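Here the structure is a predicted model, which means the values were calculated and not measured. Just so it is clear: chains get the letters A, B, ... in the order the sequence lines come, proteins before strands, and each one is counted from 1.
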There are 2 protein chains.
Amino acid sequence: MTREAERPSGVAPGELSRRPKRDGDGNDGQTWAPATGLPPSTDAYRLLPRHRKGDRKIAAGRDLFSIGETNTAIFNLLSGWVAIYTLLEDGRRQIVHFALPGAVMGMPTSKGAQVSYSAQALTEVVVSVIPNSVLAAASRDDPELSMRLASALARDTSMAYDHMTSIGRRTARERVAHLLLELFTRYRAQWPGDRIEEMAIPLTQEQIGDATGLTFVHVNRVLSTLRKEKIVHFHYRRLRILDPDRLIEVAGVDPQTAMSWFQRRSP
Amino acid sequence: MTREAERPSGVAPGELSRRPKRDGDGNDGQTWAPATGLPPSTDAYRLLPRHRKGDRKIAAGRDLFSIGETNTAIFNLLSGWVAIYTLLEDGRRQIVHFALPGAVMGMPTSKGAQVSYSAQALTEVVVSVIPNSVLAAASRDDPELSMRLASALARDTSMAYDHMTSIGRRTARERVAHLLLELFTRYRAQWPGDRIEEMAIPLTQEQIGDATGLTFVHVNRVLSTLRKEKIVHFHYRRLRILDPDRLIEVAGVDPQTAMSWFQRRSP
DNA sequence: CGACCCGTTGAGATCGTTCAAGTAACGTGG
DNA sequence: CCACGTTACTTGAACGATCTCAACGGGTCG
């Protein structure tokens, strides 16, 4: 049941460099028929209404949208991994969120607003693109819709707060452990039956650094010691959890909470 | 950030002098008239419907709600300042957001969910409390409501991403400058006419540290140098901006963006 | 087979923390 | 209105976590 399609195997034909640049020209995702390689309950991921011809396939390394663009549509991720990130003028980069299938991206903050962050495909990705007008119409038909949307956004905010706490108050070791644990549990929540303790994480050590507020050099050192301690083994984008209990401990997560993560079913 | 000696030895647990206690008695008392009084257009802040008897007044230092509580109502801040924060088990604290009048707090991430953060009144505060049931009913009456709510939440997420970028990728000096600039512009957006460059910020240096991921000692040093350089003067909760241009420069904010902040009218 | 990423390791510099000992403002009760 | 206790702010010295710079090794792909 392990999904080859989900693997970052064919990653980025040279799109990902040490300092990924902003993808200026945007992307030219071709329209695409409903996907293969999706998790079991694909339809559950369609929080948002389906738009005719709205599915797009985007290559790894490309941006789905970029900071400063005026918001004309919102995106519902159907498959693949996406990094939401911001840039400082001198090139420093912060990955603020990893979007997994089911995620909603690009919700406008007000009418005609510009997004204040960018979204980069980490793997090949399929998104459902819903123009704002379609969304507005759909929410008239289905009054519950925008409330579900609001809940999803509240979830995003909560996750952002959690991530922020990690960056602001945890040590490097704790941050890395916390991120790996988070990604592992979120990923696993998508295949509830699966008992594997190994997964493909389509991230370089530099991207882990960008997410945790560290340099890739230091991420490497932390990962090395975690490996020597036989807690986790992360190498060339494959993650193996060797000692879940100690990982939870290092991550500084309440075991209670950690277990609930293993249940939860949210993007 | 050493693992153990996190709590000042000798001090009884729960009596941490510097660490504000969760909830409990709270140091009610001081009120900060300047920053607390209701802005001109109070009604504009009622993004959410008014609930009969729903207005509550809360003393400075108290928690509006705490992590782990089951979510039964959402809050619309009418006046005063609120800190949204999280705690790690050993007492490390991260302030993830400062809520100003107009803010919506405590939106549930799913039915019957628990909030994953706490909210502490920094000044005396007035909030409108809207039970979930009332919200649901109101959103049936006013289909636009939940869409406006979703936009407000998207705004929260954007702000969280911005703050996270600051903590993860900026130097201490940049972080402090950025926070002061942000608070100043958000505050000023509430009194559009006002031309003052001085304001009361109801924060201690420790709270600034908790928001920026620094220790209060280092916050103090940064503020000292900013004062010596005649950029900003922050002393005993009063902020005076001496050199706006250089502050914008130090904060590493695009002047273009900074100016737009001075226009924007959002909590 | 040759490029090109990506990962690894060492040495030294730096930024921010920790610990410690003050001083200044505030608030309270006499 | 003053004395006192408390909280907030300030400063110095030493330490250490993380960064920077630099060189090299390993994997993968065209």
request  = Not counting sequence neighbours, which residues clear side chain to side chain contact (heavy atoms under 4.5 Å, CB included) with A:T215? List them please.
outcome  = A:V217, A:H218
ask   = For A:R240, which residues count as a salt bridge (charged side-chain N to carboxylate O under 4.0 Å, His left out) partner, sequence neighbours excluded?
value = A:E198
key: Residue-phosphate contact under 4.0 Å: A:T204 side-chain N/O, C:dC6 OP1/OP2   = no
task = Compare side-chain N and O positions of B:T215 against OP1 and OP2 of C:dG16 and report whether any pair is under 4.0 Å apart.
result = no
ask   = With sequence neighbours excluded, what pairs up with B:A99 under the side chain to side chain contact (heavy atoms under 4.5 Å, CB included) test?
value = B:L77, B:V82, B:H97, B:A103, B:M105
request  = Rounding to 10 degrees, work out the angle separating the end axes of the helix from C:dC1-D:dG30 to C:dG30-D:dC1 (five pairs an end).
outcome  = 50°
ask   = Under 4.0 Å between a Lys/Arg side-chain N and an Asp/Glu carboxylate O for B:R93 and B:E206?
value = no
Could you list all N or O pairs between the protein and nucleotides 26-28 of chain D that sit under 3.5 Å apart?
none

task = Just jot down the ring pair (Phe, Tyr, Trp, His ring centres under 6.0 Å) partners of B:F75, sequence neighbours excluded, or say none.
result = B:F65
request  = Check whether any side-chain N or O of A:Q205 sits under 4.0 Å from OP1 or OP2 of C:dT8, and answer yes or no.
outcome  = yes
key: Which residues share a side chain to side chain contact (heavy atoms under 4.5 Å, CB included) with A:A251, sequence neighbours left out   = A:A177, A:H178, A:L181, A:V253
By salt bridge (charged side-chain N to carboxylate O under 4.0 Å, His left out) - contacts of A:R173 (at least two apart) = A:E229
request  = Scan residues 241-255 of chain B for pairs that pass side-chain hydrogen bond (donor to acceptor under 3.5 Å, both in side chains), counting only residues two or more places apart or in two chains.
outcome  = B:D254-B:T257
query = Can you name the side chain to side chain donor-acceptor pair (under 3.5 Å) partners of A:Q94, sequence neighbours left out?
reply = none
ask   = What parts of residues 217-225 of chain B reach DNA chain D, counting only heavy atoms under 4.0 Å away?
value = B:V217, B:N220, B:R221, B:S224
request  = Under the side chain to side chain donor-acceptor pair (under 3.5 Å) rule, collect the residues that match up with B:T157, sequence neighbours excluded.
outcome  = A:T157
query = Touch check for A:R227, heavy atoms < 4.0 angstrom, all strands: base, sugar-phosphate only, or nothing?
reply = sugar-phosphate
request  = Under 4.0 Å between any heavy atoms, over every strand shown, what does A:G213 touch: base, sugar-phosphate, or nothing? Just pick one.
outcome  = sugar-phosphate
